[in-house]
S.K.: 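Take a look at this one; I'll ask things after.
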Amino acid sequence: MTTAEARTRFRTIAMVIAAVTMSGLTAACGSTSTPPPAPAATATTLGVQPDRQLHERVAISELPVPPTAPTDDAGSCTEAVNPHRTGCVTAQWGGLGATGFYPDSKFTLVGVRFAGAPAAPDPAAIYSGQQVLLVRTDGGTFADGDGWKCLSCVPAADELGVDTSQFTYPIRGFRDGKRVYLGHSILDCGEFEVSDDRCTPDRIHIYPIRWNITPDGSGDGGTYREPRLNPDDTHLGWNYFPGFNGDLSPSATIQYGFMGKLEFDPHPATGNPLVPRYDLTNVTTLYNPAPQYQYWVTDGDALKINPAGIIGEFRGWTADGRAAVGLTPHDSDSVDLWATDNRTGRSRLLTDHAQYSDPMSASPDGKWTLAEQVLGSGRLDFISGLRGVPPITDLFTTGYVSSIRNNGRRRFFAPYLVNATADRSQQINAGGDPNWNAAADPAWLADSTGVVYAENQVVAPACGGGNPLPCPASAEPGGRHSRVMIARFPDLKAQPVPTIPPIPDDVPWGTPYTPGMALPKPNLPAAGTYTLTGARHGTARIALTGTPLTSITVTYTDFSDDGDHVVNGTESAVVLPDHSVNLHEHLTLSGRQTGTKTTSEPDGFTMKPQVLQNNFQATGTLTTTVDGHAYTQPGNGN
């Protein structure tokens, strides 16, 4: 997608389809401490179980950003608004977005959307559109007195062949401090670190990145989404979603994860643009062609779910760069982060029953993950709340579940601190304003003592009008609806920034990519009847029908993978001709928790394809009850 809004609409993952798949000119607010989360889930919202909570002290404050433009009209950012004439941020939703790692904890990177700049040839005209800021985290200022510095506001000649619409997401500083990754390009300040006042616009060059997909090297190169720079500063990971048309069935065009090596070519001979650029070489498809991948059949009718080589939608890297992070379900209808070792293909959980987790950042010391999760918001409790159900119907439902996580310009993400073994976590801003939600990628400070993340406040039509949520007024400068927060953990000891050697180019379990090659097809079980045996006890009897697959029916008998959650009952999922998915759920849970998951009958619960636009549309009712508390789905369009 070419805009942040489009990314929001179409950031649909699915194991099915992918794997089978914030202030003015001074440093604003003072620090406030937030207590640990409440010790138990409330009657309306599921949360982290009490014995699995972290209790780290957190101090949250707001970082300085440019003043707010009175309007988005050209020239509204006057000298009266910003005496330094260094730009104004739009008041609109998403005016401040993704944040990014920088190798010095006194700084962080922040994506911004400037507005109100005067027309050229006024020097302030460069403070326009999507740009990337270097922001002070220590209360200091740059030479001009601002707490921020626009890095990408450079003359157009230095943007030759660069897609400036992709500047702000995602972003990450190289460990040399002299270069910054800007989504689909690399900013370079030569001999100076970008934090140095001597790093001025005339010294900055921005180079495009090209991925060749044609045998002769011609053309514009391949499109890619959600790219992430590896901590080794040498490799890039990304997703490729060829020909996506809204079909979420396993037989549809699927999404693939890739990894490639960045190599600078000062004089390219083929392919566009013919300017100095970075090429992606030694490309590997992060797809495991082995039969024993995700879902596979053995010993006649025995179905296995194998957590090895799982990528789903590629989301980033572990702190050492040696494992790719992706999204796939853990419990049914709960989409979690997994790290898959580049060498062995073995996967491990980074979050456990997040309901949905997407933006993430690994602390440089490798001890923590900051994962933005929907858990605790109440958004997905109706479909994701029941634990212990294996991800079987997820063959059809993952893309739909992932897309319910937002309601247009209301996101339901909250930042969670998760330990290295994924068995303890904590919402770091618990008790905050629920109308402000985490946005895009968080970023750790280089010394691993804090994180920076952006927030957006809900705006119409996700509030007001026919929506049951009233639209709140913004108390931010100029009434803006976005801000940048820094959360510090006082009890975490500062750690040196580790040196990350280049990772190997090859991924033994992946599929080497040759430009022009046909991409592999997912390994799906054929239609038939199979048995999944619980790791502790019980069975799930599974009937798959259709060529390609269109229906799944599962019968559980005392099924348990962990010994704490025991599932009984039946469920089914059917992909309809209009790409809706129809569910029938009649499940009971016993053991550590008690609960049910049920649909209205006789027609069940149908999710329509509009969820791909974060516009929830469904017919029927789906209700999940956990320990006596019932959770039902949001209303249509909410």
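Just so you know, residue 1 is the first one in the sequence shown, and it goes up from there. What you see is a predicted model, and the numbers here were worked out from it, not measured in a lab.
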S.K.: Find out whether Y631 and L380 are in side-chain contact, i.e. whether some heavy atom of one side chain is under 4.5 Å from a heavy atom of the other.
M.R.: no
S.K.: Determine whether N467 and N407 make a side-chain contact, defined as any pair of heavy atoms from C-beta on separated by less than 4.5 Å.
M.R.: yes
S.K.: Between R225 and Q255, is any side-chain donor less than 3.5 angstrom from a side-chain acceptor?
M.R.: yes
S.K.: Give me the atom names and distance for the closest heavy-atom approach of T108 to G100.
M.R.: OG1-O, 3.2 Å
S.K.: Would you say T340 and S347 are linked by a side-chain donor-acceptor pair, where the criterion is simply a distance under 3.5 Å?
M.R.: yes
S.K.: Quick check: do H184 and P227 have side-chain heavy atoms less than 4.5 Å from each other?
M.R.: yes
S.K.: Side-chain contact, heavy-atom cut-off 4.5 Å: V459 with Q457?
M.R.: no
S.K.: List the atom of L286, the atom of I311, and the distance in Å for their closest heavy-atom pair.
M.R.: O-CG1, 3.8 Å
S.K.: If we check ring-ring contact (aromatic ring centres under 6.0 Å, His included) with F258, which of these qualifies: Y287, W238, F241?
M.R.: W238
S.K.: Determine whether the side chains of D333 and S384 contain a donor N or O and an acceptor N or O closer than 3.5 Å.
M.R.: no
S.K.: Given side chains that start at C-beta, do those of P391 and I305 come closer than 4.5 Å, heavy atoms only?
M.R.: yes
S.K.: Decide whether E455 and N437 meet the rule of one side-chain donor and one side-chain acceptor closer than 3.5 Å.
M.R.: no
S.K.: Can you tell if the side chain of R210 reaches within under 4.5 Å of the side chain of Y278, non-hydrogen atoms only?
M.R.: no
S.K.: Would you be so kind as to tabulate the donor-acceptor pairs closer than 3.5 Å made by side chains of residues 371-378, with sequence neighbours excluded?
M.R.:
| unit_1 | atom_1 | unit_2 | atom_2 | d |
| --- | --- | --- | --- | --- |
| S377 | OG | V374 | O | 2.8 |
| S377 | OG | R379 | N | 3.1 |

